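Reckoned from all heavy atoms, side chains included, excluding hydrogens, waters and symmetry mates. Model, not experiment: these values are computed from the prediction.
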Amino acid sequence: TSTTSEESAATVEFLQSVAWNEGEDGIAELEFEPGVTFADTGAVLVADGDGAEATEGTVVTVSYIIYSGTDGSVYYSSYDDGYTEGITMSEGAVDPNLYSTLLGVHEGAQLLYGTFDTSDGSALIMAVTVEAVTEVLDRAEGTAVDPVEGLPAVTLDDATGEPTVSFDAAGDKPTELVAQDLITGDGAVVAEGDQVTVHYTGWLWDGDVFDSSWERGAGSTFTLATGSLIDGWVQGLVGKTVG
């Protein structure tokens with residue numbers, strides 16, 4: 001048994017002692033002995049749901065409340081912000097201790113997750129509720145759009161859909177935002193405030209890649225909201241369609 005798994009097992013053992021009580025508003029109220037510290041993360045399933053199953057590649061949407069392991073106070077609550085978080089179920093993209101617990105649970109599940117504040121190492125106990133499990137596309141699909149002259153030429157891999165780009169025939173770098181479909185999806189229209197899951201690669205105009213979800217092996221899920229993302233993401237994606 002490795003040191004890491006022993007440390008995770010200690011976190012799990014503590015989580016198994018935590019009492020999950022339902023408050024009047026349905027939000028979890030946790031009872032535990034404060035003063036705890038964690039050397040590794042850990043998670044335990046409190047109760048499974050009866051909805052869609054969380055499988056590899058799905059997006060699991062969760063709400064949660066975080067308690068301080070130091071003094072037992074509420075550290076943060078997503079319910080206060082009306083916020084949910086999307087977790088793309090991809091091995092290697094999610095903490096393995098959380099991933100292994102989420103994998104196979106169903107919409108409506110409740111679980112406890114022990115982690116720590118990266119700023120000071122203090123323990124955090126999260127009461128997590130799975131609000132939704134969503135199947136996502138493996139690649140772009142819909143109606144191909146004829147290339148627009150003067151823009152970089154994008155090619156999608158036949159097998160995976162991963163994009164590559166050529167700037168050979170591109171004109172001058174635009175001075176204003178351009179949001180041009182390569183494929184127009186036939187799914188729902190994206191609105192500001194929606195939670196979206198995307199695969200993307202970002203290039204500088206000289207052809208250098210600065211970021212790529214394809215290289216990480218998993219899409220990214222985020223809420224499309226001004227102030228939480230760069231403006232171009234919001235302005236460029238609002239009004240587009242799934243696919």
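- Side chain of Asp194 to backbone of Ala191: a donor-acceptor contact under 3.5 angstrom is found.
- Rounded to the nearest 0.5 Å, atoms CG (Leu112) and OH (Tyr64) are 15.0 Å apart.
- Less than 6.0 angstrom separates the ring centroid of Trp233 from the ring centroid of Phe222.
- Using a 3.5 Å distance cut-off with no hydrogens or angles, the side chains of Gln195 and Thr61 do pair a donor with an acceptor.
- Considering only residues two or more places apart in sequence or on other chains, Thr143 meets the side chain to side chain contact (heavy atoms under 4.5 Å, CB included) condition with none of them.
- Side chain of Ser166 to backbone of Asp168: a donor-acceptor contact under 3.5 angstrom is found.
- Across all non-hydrogen atoms, the minimal contact from Pro163 to Leu156 is CB-CD2, 3.7 Å.
- Side-chain atoms of Asn97 come within 3.5 Å of backbone atoms of Thr41 as a donor-acceptor pair (strictly under, hydrogens ignored).
- Counting non-hydrogen atoms of other residues, nucleotides and ligands closer than 6.0 Å to CD of Glu56 gives a total above 12.
- Smallest separation of non-hydrogen atoms from Asn21 and Glu31: ND2-OE2, 2.9 Å.
- Using a distance-only test at 3.5 Å, with no hydrogens or angles considered, no donor-acceptor pair links the side chain of Ser90 to the main chain of Ala93.
- A distance of 11.0 Å separates CE of Met126 from CG of Leu30, quoted to the nearest 0.5 Å.
- Residue-environment remark: CG (Asp208) exceeds the threshold of 12 foreign heavy atoms within 6.0 Å.
- A side-chain contact (heavy atoms from CB on, under 4.5 Å) with Thr221 is found for exactly one of Val198, Val196, Thr88, namely Thr88.
- Rounding to the nearest 0.5 Å places CH2 of Trp20 at 11.5 Å from CD of Glu29.
- A 6.0 Å sphere centred on CD of Glu91 holds no more than 12 heavy atoms belonging to other residues, nucleotides or ligands.
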TODO: Check the pair Glu85, Ser78 against side chain to side chain donor-acceptor pair (under 3.5 Å), reporting the backbone distance first and the verdict last.
DONE: CA-CA 9 Å; Glu85 182 171 343; Ser78 71; over 6 Å; no
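- The backbone N or O of Trp214 sits less than 3.5 Å from a side-chain atom of Ser212, completing a donor-acceptor pair.
- Put simply, the side chain of Arg139 never gets that close to the backbone of His199: no donor and acceptor are under 3.5 Å apart.
- Distance alone, capped at 3.5 Å, places no donor-acceptor pair between the Thr58 side chain and the Ala54 backbone.
- Within a 6.0 Å radius of CD in Glu22, more than 12 heavy atoms belonging to other residues, nucleotides or ligands are found.
- No donor-acceptor distance shorter than 3.5 angstrom exists from the side chain of Thr223 to the backbone of Ala225, with no hydrogens or angles considered.
- A ring-centre distance under 6.0 Å is not found for Phe210 and Trp203.
- Annotation: the span from Ser220 atom OG to Asp211 atom CG amounts to 7.5 Å, rounded to 0.5 Å.
- Closest approach of Leu111 and Leu102 over heavy atoms only: CD2-CD2, 3.8 Å.
- Under 4.0 Å is where a charged nitrogen must lie from a carboxylate oxygen, and between Lys173 and Asp206 no such pair does.
- The backbone N or O of Leu224 lies less than 3.5 Å from no partner atom in the side chain of Ser228, so there is not a single donor-acceptor pair.
- If you take CD on Glu53 and CD on Glu135, they are separated by 9.5 Å, rounding to the nearest 0.5 Å.
- Using a distance-only test at 3.5 Å, with no hydrogens or angles considered, no donor-acceptor pair links the side chain of Lys240 to the main chain of Gly185.
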